[in-house]
Amino acid sequence: MISEETNRHIKEAEKALLKEFEYIEDVRDYNQEKVLQAFIDNKVAPEHFYTVSGYGHDDLGKEVLDKVFAHVFKAEAAFARTHIVSGTHALSCVLFGNLRAGEKLVSVTGTPYDTMQEVIGTAGGGKRESLIGHGVLYDEVPLLEDGTVDFKGIENKIDKSVKMVEIQRSRGYSLRPSINIETIGKICEIVKSKNSDCICFVDNCYGEFVEKQEPLEVGADIIAGSLIKNPGGGLVETGGYVAGKEEYVEQAAMSLTAPGIGREGGAMLNQHRLIFQGLFMAPSVVCDAVKGAVLAAKIFEDVGYVSTPKYNEKRTDLIQTIAFNAPEPLEKFCRTIQELSPINSYVTPVPDDVPGYEDKLIMAGGTFIEGSTIELSADGPMRSPYAVYMQGGLTYAHVKYVLKNIFERVRGK
């Protein structure tokens with residue numbers, strides 16, 4: 001049973017969050033209208049749910065799906081495919097498709113998160129299969145001491161030798177602020193002023209539909225993300241997407257499939273309807289997840305934990321971070337989420353090694369889709385400051401109930 005004290009605390013927090021919730025719902029309404037219009041304008045129909053086999057040629061559903069994604073993200077071209085195994089894979093397709101030996105990539109938002117370091121080659125020994133192993137040059141612009149973007153550093157770093165800049169919208173396993181749309185626009189403006197041919201690439205994972213605009217609307221050239229995060233709406237079983245300028249999107253598609261095949265090949269194996277429906281539901285699902293993150297920020301800030309973003313800060317992604325400064329409450333947080341998950345509630349998360357990460361991780365997520373982080377989940381590296389990274393939630397009601405239980409257990413009630 002949840003104590004009366006906790007129930008009262010949550011109700012008071014919700015009352016204090018009315019202004020924040022109203023804004024989040026306004027963003028939802030705007031994005032829902034945008035997605036609906038994309039479906040209407042592209043005449044989505046039941047025949048677009050049918051599939052083809054073999055090479056996947058002449059797939060009308062795939063063709064219209066790509067048009068809908070391009071419409072939603074304001075792109076010249078896009079593709080959404082079940083053949084993409086993760087967000088990291090989608091990003092990798094963009095990088096390997098558009099960079100060649102001797103060309104330079106610059107991360108302008110500090111060091112990328114762990115799995116991307118192996119793709120680039122700055123971790124994992126710079127193996128032959130990494131970008132660096134293929135002869136791509138790499139540099140980065142460190143963040144300022146407060147974790148914000150160093151605009152002056154970007155201006156000094158970018159010149160005609162830089163082929164692409166990478167902007168990581170979400171924070172990864174760090175406590176730096178996520179990069180909002182306004183900041184992305186300013187970065188792109190600086191980069192283009194120094195080198196108009198430089199490709200501005202945004203890792204859009206966790207950011208879709210959190211704001212009214214997407215990165216392509218403020219100067220980015222290409223974006224990529226995962227379908228088991230925001231744009232899949234909790235329905236899509238696997239996959240990712242790429243959207244942006246036609247030339248760069250096609251190069252990424254050929255990295256996914258093969259030169260000459262690009263977006264044309266690949267059977268979708270009866271997944272069209274789920275991707276269409278998941279995209280349609282995504283604005284509402286993202287809204288509930290963001291409201292849950294804001295509630296988490298509020299209730300844990302109220303009792304003295306360092307929580308970022310603050311409950312009253314504008315959001316640009318799903319992720320809520322709470323620093324516990326000790327391993328025990330981090331583990332308790334994750335175990336409570338697991339216990340109150342619809343799937344695998346009986347499983348106990350323990351810290352363990354995960355490919356692509358240097359520190360042991362504890363991960364909780366009893367999700368309908370394995371690894372889906374639009375569903376309520378939490379994880380964190382077992383290193384100081386022992387911060388949990390909470391994301392997702394298919395319904396606000398579920399997130400709220402779980403938070404009540406976590407609040408009591410972490411506080412020892």
Side-chain angles (χ1 to χ4, degrees), residues 31 35 62 65-66 68-69 72-73 78-94 113-116 119 168-173 178 202-210 214 223-243 252 256 266 268-290 292-293 317-320 334 337-338 341-344 349 354-357 361 363-379 389-395 398-399:
N31 285 321
V35 171
K62 186 167 63 179
L65 182 65
D66 290 353
V68 169
F69 266 80
V72 167
F73 291 107
F79 64 90
R81 296 290 183 272
T82 56
H83 315 94
I84 298 174
V85 303
S86 66
T88 298
H89 185 197
L91 302 173
S92 181
C93 288
V94 173
Y113 56 77
D114 302 59
T115 57
M116 288 305 298
V119 172
Q168 182 182 302
R169 184 171 180 178
S170 195
R171 64 181 57 192
Y173 284 140
S178 297
V202 177
D203 170 358
N204 211 30
C205 288
Y206 297 107
E208 300 91 348
F209 306 123
V210 178
E214 296 293 338
I223 62 174
S226 168
L227 294 182
I228 61 170
K229 295 183 174 68
N230 304 24
L235 289 181
V236 182
E237 296 182 359
T238 188
Y241 76 93
V242 174
L256 174 66
M268 294 287 281
L269 305 179
N270 289 303
Q271 297 296 301
H272 297 77
R273 184 188 62 80
L274 288 176
I275 301 176
F276 276 117
Q277 190 172 357
L279 179 64
F280 179 74
M281 295 178 65
S284 288
V285 174
V286 168
C287 171
D288 276 12
V290 175
D317 65 7
L318 296 182
I319 298 175
Q320 185 61 44
C334 291
I337 281 189
Q338 190 72 48
S341 294
I343 311 300
N344 279 343
V354 175
Y357 297 92
L361 298 184
M363 309 183 79
T367 55
F368 291 95
I369 306 298
E370 191 270 324
S372 171
T373 45
I374 188 57
E375 301 182 54
L376 181 58
S377 57
D379 46 68
Y389 295 79
M390 181 187 113
Q391 61 270 317
L394 296 179
T395 70
H398 178 221
V399 180

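FYI, the numbering just counts along the sequence from 1. Remember, predicted model here, so these are calculated numbers, not experimental data. Values reported hereafter were calculated over all heavy atoms of this structure, with side chains retained and with hydrogens, waters and symmetry mates removed.
- Ring geometry, Tyr241 versus Phe69: the interplanar angle falls from 30° to 60°, so the pair is classed tilted.
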Please evaluate residues Phe73 and Val242 with respect to the criterion side-chain contact (heavy atoms from CB on, under 4.5 Å), reporting the C-alpha separation (whole Å), side-chain torsions for both, the decisive distance (0.1 Å), and the verdict. CA-CA 10 Å; Phe73 291 107; Val242 174; over 6 Å; no
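- Proximity of a side-chain donor or acceptor of Asp379 to a complementary backbone N or O of Met390 within less than 3.5 Å is not detected.
- Between the CD atom in Gln391 and the OG atom in Ser377 there is a gap of 4.0 Å [rounded to 0.5 Å].
- Closest non-hydrogen pair, Ala364 versus Ile337, comes out as CB-CG2, 4.0 Å.
- Side chain of Asn230 to main chain of Tyr206: a donor-acceptor pair is present (N/O by atom type, distance under 3.5 Å, no hydrogens or angles).
- In this structure the side chain of Thr82 reaches within 4.5 angstrom of the side chain of Ile275, judged on heavy atoms.
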Check the pair Val35 / Met281 against side-chain contact (heavy atoms from CB on, under 4.5 Å), numbers first and verdict last. CA-CA 9 Å; Val35 171; Met281 295 178 65; over 6 Å; no
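- Distance check, rounded to the nearest 0.5 Å: CG of Leu235 to CD of Gln271 gives 11.0 Å.
- Here the closest heavy-atom approach between residue Ala289 and residue Gly392 is recorded as CB-C, 3.7 Å.
- With hydrogens and angles disregarded, no donor-acceptor distance shorter than 3.5 Å links the side chain of Lys229 to the backbone of Leu318.
- Between the side chain of Gln338 and the main chain of Gly365, a donor-acceptor pair closer than 3.5 Å is present.
- In terms of heavy-atom proximity, Val68 sits nearest to Phe276 at CG2-CE2, 4.1 Å.
- Between Cys93 atom SG and Arg81 atom CZ the span is 11.5 Å, to the nearest 0.5 Å.
- Between the side chain of Glu375 and the backbone N or O of Phe368, at least one donor-acceptor pair lies under 3.5 Å.
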Going through the distances and angles, do Glu214 and Val72 end up as a side-chain contact (heavy atoms from CB on, under 4.5 Å)? CA-CA 9 Å; Glu214 296 293 338; Val72 167; 6.0 Å; no
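- Side chain of Asn204 to backbone of Ile223: no donor-acceptor contact under 3.5 angstrom is found.
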Going through the checks in order, is the side-chain contact (heavy atoms from CB on, under 4.5 Å) test met by Gln277 and Phe280? CA-CA 5 Å; Gln277 190 172 357; Phe280 179 74; 5.5 Å; no
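- Note that NE2 of His83 is 10.5 Å distant from NE2 of His89, once rounded to the nearest 0.5 Å.
- Within the 4.5 Å cutoff, the side chain of Ile228 has no heavy atoms near those of the Glu370 side chain.
- Across every non-hydrogen atom of His398 and Ser341, the tightest pair is NE2-CA, 4.5 Å.
- Ser170 approaches Asp317 most closely through the heavy-atom pair OG-OD2, 2.7 Å.
- The distance from atom CG of Leu361 to atom SG of Cys334, rounded to the nearest 0.5 Å, is 10.0 Å.
- Annotation: the span from Leu274 atom CG to Ile369 atom CD1 amounts to 8.0 Å, rounded to 0.5 Å.
- Under the 4.5 Å side-chain criterion, counting only non-hydrogen atoms from C-beta, Ile374 is in contact with Val285.
- Nearest heavy-atom pair across Met268 and His272 is CB-CE1, 3.4 Å.
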